[in-house]
Amino acid sequence: MNNNHKNNKAYYGNFGGQFVPETAMFALTSLENAYNEAKKDPSFSEQLNDLLKNYVGRPTPLYYAKNLSQHYQHHIYLKREDLNHTGAHKINNALGQVLLAKRMGKKKVIAETGAGQHGVATATAAALLGLECNIYMGATDIERQKLNVFRMELLGAKVVAITDGLQTLKEATTAAIQAWVAQIEEVFYVIGSAVGPHPYPAIVRDFQSVIGNETQQQLATLGIKPQHIIACVGGGSNAIGIFSAFLNDPSVKLYGVEAGGKGIDTDEHAASLTLGKEGIIHGMKTYVLQDKYGQISPVHSISAGLDYPGVGPQHAHLFQSGRVTYAPITDDEAMEALLLTTQQEGIIPAIESAHALAYLSKLCPTLPAGQPQNIVVNVSGRGDKDMHTVFSILKNEHYD
Ligand SMILES: *Cc1c(COP(=O)(O)O)cnc(C)c1O
């Protein structure tokens, strides 16, 4: 254990830091300074809050899911991030960072994207706020996600195809970091999850903490004390967003759900905390899925948003400290939960969010019977983007 990190704000316990080329250090420092100033400036939060309310549609409802509650015999509340403009929580962060870019006098933003959700959110914010926008995307993903590529282009962004390696999110992220370092004066790099070098994980968490703050207020208004909160974890932004308001209250149990893919006894999953080892990826020290030579392993999940071999450093710390319980959910379990939620509640969740919903079937049987507990599930996004995946699975396989 290295305790030197304990008082360093770039670290969460042993995790985080700034593992970047020297040229990027200057940009990270000026980002941190600009962000600290923005935080103190009431006009910045006024502008952001106005957009969150009138453009994104916040606050999102905290919905009592009566039928799921009946099914599980516990009180299930859904935090409806699926109702946000552009269909997921990612817009909360994209708007915050693009506003910050504008404040810093940047004319151009860049971002990486896997399935295209963060790309669409960034292109949306850039269109709204009048900045040039380049999105780095693996060529394989471009092929798989044609509709989102078209959306980004329609919004005025340029989609840059990356043809290295597996041509997916990991390579797109590396390319975006390189492009950023090459044009560090003019360009703002909008990171899509609570990952990357300090101060990004803190900035993304802060912009997403609106989810947890609203949830806390909504529960208080209802006079309800939450006992369990569940969220899915890709890089970890929607999870840390809802957890952050409750981290200091030990009576609230927190659960982060990773992609178990085809099973954690196979090589096809993205369970970075359950099976990863400490390592460095994309500028941070965290848990990384890697082989015995330290090479980053290929990952699999039915949901593109959870398909990442690392995880945000604060989650790595919360895992090590035991404050949050992390568990894998397989592709099949997520699909079952997607169908259950759709048929019981008339809400089609994103497949990512279905991982969090599936955890109800693990958690509820372990709770005392006859004493309904209050459980909040963060529904990070809506399922529209996943219809082609769901369709092709249901054609080959029958679910009851
Ligand atoms: C991108 C995405 C995720 C995963 O990202 P986090 O940073 O872990 O939140 C989860 N759900 C949806 C709907 C997404 O689009």
Side-chain angles (χ1 to χ4, degrees), residues 60 78-94 96-97 111-122 124 137 141 145 148 151 168-169 172-173 190-196 200-201 203-212 230-244 255-259 270-273 282 284 286-287 299 301-316 318 324 326 329 334 337-338 341 347-359 377-387 389-390:
T60 59
L78 305 181
K79 182 58 175 164
R80 300 289 309 275
E81 291 302 293
D82 58 311
L83 294 176
N84 284 329
H85 178 47
T86 69
H89 66 292
K90 288 201 170 71
I91 191 76
N92 303 328
N93 168 57
Q97 285 194 51
E112 80 294 339
T113 200
Q117 295 309 110
H118 174 54
V120 169
T122 305
T124 300
M137 191 167 180
D141 288 337
Q145 301 290 338
N148 269 343
R151 264 189 201 119
T168 58
L169 177 62
T173 305
V190 181
I191 289 190
S193 188
V195 300
Y200 278 108
I203 291 179
V204 176
R205 176 200 58 214
D206 292 355
F207 287 142
Q208 293 295 0
S209 66
V210 64
I211 305 173
I230 310 173
C232 66
V233 176
S237 69
N238 85 86
I240 205 70
I242 193 162
F243 292 168
S244 57
Y255 308 87
V257 182
E258 301 193 291
S272 319
L273 288 167
H282 299 137
M284 60 181 164
T286 185
Y287 284 90
V299 282
S301 169
I302 189 178
S303 63
L306 303 185
D307 201 347
Y308 183 63
V311 63
Q314 193 170 359
H315 288 290
L318 293 168
V324 179
Y326 294 87
I329 282 291
L338 183 144
T341 310
I347 294 169
I348 307 179
I351 304 181
E352 291 85 356
S353 320
H355 285 71
L357 290 158
Y359 192 69
V377 183
N378 196 25
V379 181
S380 53
R382 60 179 173 243
D384 305 34
K385 69 182 177 58
D386 297 320
M387 282 306 99
T389 308
V390 176

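Keep in mind that what you see is a predicted model, and the values were worked out from it rather than measured. One-based numbering, in listed order, for ligands and for the atoms of each.
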> What pairs with H315 under ring-ring contact (aromatic ring centres under 6.0 Å, His included), at least two apart in sequence or on another chain?
Replying inline: Y326
>> Taking 4.0 angstrom as the limit and counting only heavy atoms of G236, give me the atoms of ligand 1 inside it, by number and element.
In response: 6 (P), 7 (O), 8 (O)
> Is ligand 1 under 4.0 Å from a heavy atom in the side chain of H89, in the backbone, in both, or in neither?
Replying inline: side chain
> Nearest protein heavy-atom contact for atom 11 (N) of ligand 1: which residue, which atom, what distance?
Replying inline: S380 OG, 2.7 Å
> In terms of atom number and element, which parts of ligand 1 are under 4.0 angstrom from non-hydrogen atoms of C232?
Replying inline: 10 (C)
> Can you tell me the protein heavy atom closest to atom 1 (C) of ligand 1 and the distance?
Replying inline: K90 NZ, 1.3 Å
> Under 3.5 Å between some N or O of ligand 1 and some N or O of V233?
Replying inline: no
>> Within ligand 1, which atoms have a heavy atom of A350 less than 4.0 Å away?
In response: 13 (C)
> Looking at G381, which atoms of ligand 1 are within less than 4.0 Å of one of its heavy atoms?
Replying inline: 13 (C)
> If you measure only the distance, is there a donor-acceptor pair under 3.5 Å linking the side chains of N92 and E81?
Replying inline: yes
> Any idea which protein heavy atom is nearest atom 6 (P) of ligand 1, and the distance to it?
Replying inline: S237 N, 3.3 Å
>> With a 6.0 Å cut-off (strictly less than), is the heavy-atom count around CD1 of I348, excluding the residue itself, greater than 12?
In response: no
>> Counting non-hydrogen protein atoms only, what is the nearest one to atom 4 (C) of ligand 1? Give residue, atom name and distance.
In response: G305 O, 3.3 Å
> Centres of the H282 and Y200 rings: under 6.0 Å?
Replying inline: no
> CD1 of I329 to OG of S303: how many Å apart, nearest 0.5 Å?
Replying inline: 11.5 Å
> Polar-atom distance check: G234 versus ligand 1, any N or O pair below 3.5 Å?
Replying inline: yes
> For A239, is the nearest heavy atom under 4.0 Å from an atom of ligand 1?
Replying inline: no
> Which heavy-atom pair separates S272 from G310 by the least distance, and what is that distance?
Replying inline: OG-O, 3.1 Å
> Does any N or O atom in S193 lie less than 3.5 angstrom from one in ligand 1, N or O only?
Replying inline: yes
>> According to ring-ring contact (aromatic ring centres under 6.0 Å, His included), who are the partners of H118, at least two apart in sequence or on a separate chain?
In response: none
> At their closest point, which heavy atom of S380 faces which heavy atom of N238, and how far apart are they?
Replying inline: CB-CG, 3.7 Å
> What are the two closest heavy atoms between K90 and Q208, and how far apart are they?
Replying inline: CA-NE2, 4.0 Å
